[in-house]
Peer 1: 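Next up is a structure, given as structure tokens.
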Amino acid sequence: MTLINAEIKDKIALLTLNRPEALNALNSELLNELYDRLKKLEQENDLRCLIITGSGEKAFAAGADIGEMAEMDADQAEEFAAFGHKVFSYLSAFPCPVIASIHGYALGGGFELALACDIRIAADTARFSFPETGLGITPGFGGTQRLARLTQAAYAMELIFTGRRIKGEEALEKGIINLLVPAADLRDETMKIAESIAGKAPIAIRMAKAAIHQGLDLDLETGMEVEAELFAECFESNDQKAAMQAFLKKESFTDFRNK
Ligand code: COA
């Protein structure tokens with residue numbers, strides 16, 4: 001049985017965590033498969049958007065696998081966290097935009113997986129928390145770093161220290177998710193955003209993603225230099241020439257070719 005289902009349609013890839021009997025808990029086998037799938041997908045010539053979601057009714061992912069972690073010593077735990085970081089950083093730096101489509105529980109490592117994506121769309125059934133401190137550990141797949149950067153350090157501290165579970169409204173208010181939708185609409189609303197991204201110039205989108213990601217770790221002036229370089233690279237694409245010429249001729253243009 002495969003722990004990650006992969007589908008590609010109209011240049012949009014959908015990866016589904018497929019371990020519903022354990023609420024898609026992230027064990028080493030699943031993380032390995034996710035990494036392998038991502039590496040294969042990266043070879044796809046003209047992928048425009050990637051969606052990550054969970055199977056089953058109850059969860060996006062209910063965290064790292066507690067049964068597996070219960071048996072680890074400190075060295076094994078460090079290796080487990082390092083591999084989680086490697087997979088999630090690979091996902092975060094994936095060349096095309098990545099959307100987390102979240103229903104039900106997104107706890108611990110599941111929350112961290114969502115935080116490693118570029119855009120988060122949540123159903124009204126979504127519940128987010130970091131239960132780790134109640135299990136005698138810290139978050140270990142990037143949660144202490146990404147939540148503090150995405151929101152505020154004090155807010156990340158409160159959620160991580162208390163393990164408080166939050167609903168979609170609070171996640172939206174705090175900027176953790178981009179969109180909150182009724183559960184029945186989650187797939188359609190996710191696809192709408194993915195299709196909207198897929199309809200724009202793919203080279204420009206990849207450059208914009210790279211500029212934002214690189215800029216977050218830089219001072220403003222250096223970030224501007226990165227932006228100028230990536231902006232300039234777009235001018236080497238046929239898509240830029242074709243789209244601008246079409247505008248000047250007052251024609252509509254959607255036929256982006258990724259070159
Ligand atoms: N690791 C391993 N197994 C997990 C898991 C995890 N993080 N989360 C859920 N599961 C397993 C349960 O052990 C159970 O397996 P079983 O049927 O073999 O007993 C199955 O998934 C269903 O979970 P269950 O607890 O019966 O569902 P529930 O609806 O009663 O509760 C949760 C759902 C999410 C509240 C509960 O499963 C939970 O607290 N999970 C752990 C969350 C967590 O602490 N995550 C952070 C880990 S660092």
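As the structure lists them, so they are numbered: ligands from 1, and atoms in each ligand from 1.
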Peer 1: Relative to the heavy atoms of Arg165, which atoms of ligand 1 are at a distance of less than 4.0 Å?
Peer 2: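 That gives atoms 35 (C) of ligand 1.
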Peer 1: Does a donor on one side chain and an acceptor on the other come within less than 3.5 Å for Thr2 and Asn18?
Peer 2: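 Note: Thr2 and Asn18 side chains miss the donor-acceptor criterion.
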Peer 1: Determine, counting only non-hydrogen atoms of the protein, whether one lies under 4.0 angstrom from atom 28 (P) of ligand 1.
Peer 2: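 Under 4.0 Å from atom 28 (P) of ligand 1, at least one protein heavy atom found.
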Peer 1: Tell me, which pairs form a salt bridge (Lys or Arg N to Asp or Glu O under 4.0 Å) where one or both residues lie in residues 182-194, sequence neighbours left out?
Peer 2: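 Qualifying pairs, neighbours excluded: Glu189-Lys192.
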Peer 1: With heavy-atom distances below 4.0 Å as the criterion, list the atoms of ligand 1 near Ala22.
Peer 2: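 So the atoms of ligand 1 that pass are 4 (C), 9 (C), 10 (N), 11 (C), 21 (O).
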Peer 1: Would you verify that at least one protein heavy atom lies under 4.0 Å from atom 10 (N) of ligand 1, or report that none does?
Peer 2: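 Under 4.0 Å from atom 10 (N) of ligand 1, at least one protein heavy atom found.
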Peer 1: For ligand 1, which atoms sit closer than 4.0 Å to a heavy atom of Leu107?
Peer 2: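 Those qualifying, in numeric order: 34 (C), 42 (C).
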Peer 1: Below 4.0 angstrom, N of the basic side chain to O of the carboxylate: do Glu112 and Arg146 qualify?
Peer 2: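 Salt bridge: no.
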Peer 1: Indicate the atoms forming the closest heavy-atom contact of Gly104 with Thr125, along with that distance.
Peer 2: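 Of all heavy-atom pairs spanning Gly104 and Thr125, the closest is N-OG1, 3.2 Å.
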Peer 1: When you compare the side chains of Asp124 and His103, does any donor N or O come within less than 3.5 Å of an acceptor on the partner?
Peer 2: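 Asp124 vs His103: no donor-acceptor pair found between side chains.
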Peer 1: For Tyr90, enumerate each residue passing the ring pair (Phe, Tyr, Trp, His ring centres under 6.0 Å) test, keeping only those at least two apart in sequence or located in another chain.
Peer 2: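 Result, ring pair (Phe, Tyr, Trp, His ring centres under 6.0 Å) vs Tyr90: Tyr35.
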Peer 1: Any protein heavy-atom neighbour for atom 19 (O) of ligand 1 (distance below 4.0 angstrom)?
Peer 2: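 It does not; no protein heavy atom is within 4.0 Å.
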Peer 1: Considering distance alone, does some N or O of Gly109 sit under 3.5 Å from an N or O of ligand 1?
Peer 2: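 Gly109 vs ligand 1: no N/O contact under 3.5 Å.
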Peer 1: Can you check whether a protein heavy atom sits less than 4.0 angstrom from atom 31 (O) of ligand 1?
Peer 2: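 For atom 31 (O) of ligand 1 the answer is no, since every protein heavy atom stays at 4.0 Å or beyond.
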Peer 1: Would you mind checking which non-hydrogen protein atom is closest to atom 17 (O) of ligand 1, with the distance to 0.1 Å?
Peer 2: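 Ranked first by proximity to atom 17 (O) of ligand 1 is Glu21 O, 4.4 Å.
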Peer 1: Decide whether an N or O pair under 3.5 Å exists between Ala64 and ligand 1.
Peer 2: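 Such a contact does occur with ligand 1.
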Peer 1: Indicate whether atom 36 (C) of ligand 1 is within a distance of less than 4.0 angstrom of some protein heavy atom.
Peer 2: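 Looking at atom 36 (C) of ligand 1, one finds that no protein heavy atom lies closer than 4.0 Å.
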Peer 1: Give the numbers and elements of all ligand 1 atoms closer than 4.0 Å to a heavy atom of Met69.
Peer 2: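 Contacts of ligand 1 toward Met69, numbered from 1: 48 (S).
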Peer 1: Taking the minimum heavy-atom distance to atom 43 (C) of ligand 1, which of Ala61, Pro131, Gly63 ranks first?
Peer 2: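 Result: the heavy atom closest to atom 43 (C) of ligand 1 is in Pro131.
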Peer 1: Would you say ligand 1 has an N or O under 3.5 Å from any N or O of Lys58?
Peer 2: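 Yes: some nitrogen or oxygen of Lys58 is under 3.5 Å from one in ligand 1.
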Peer 1: How close does the nearest protein non-hydrogen atom get to atom 45 (N) of ligand 1, and which residue and atom is it?
Peer 2: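 Ranked first by proximity to atom 45 (N) of ligand 1 is Ala62 O, 2.9 Å.
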Peer 1: Protein non-hydrogen atoms only, distance under 4.0 Å: does atom 25 (O) of ligand 1 have such a neighbour?
Peer 2: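 Answer no: nothing from the protein, no heavy atom, is under 4.0 Å.
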Peer 1: State whether the shortest distance between N or O atoms of Ile66 and N or O atoms of ligand 1 falls below 3.5 angstrom.
Peer 2: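 Between Ile66 and ligand 1 (N or O atoms, distance only) the closest approach is under 3.5 Å.
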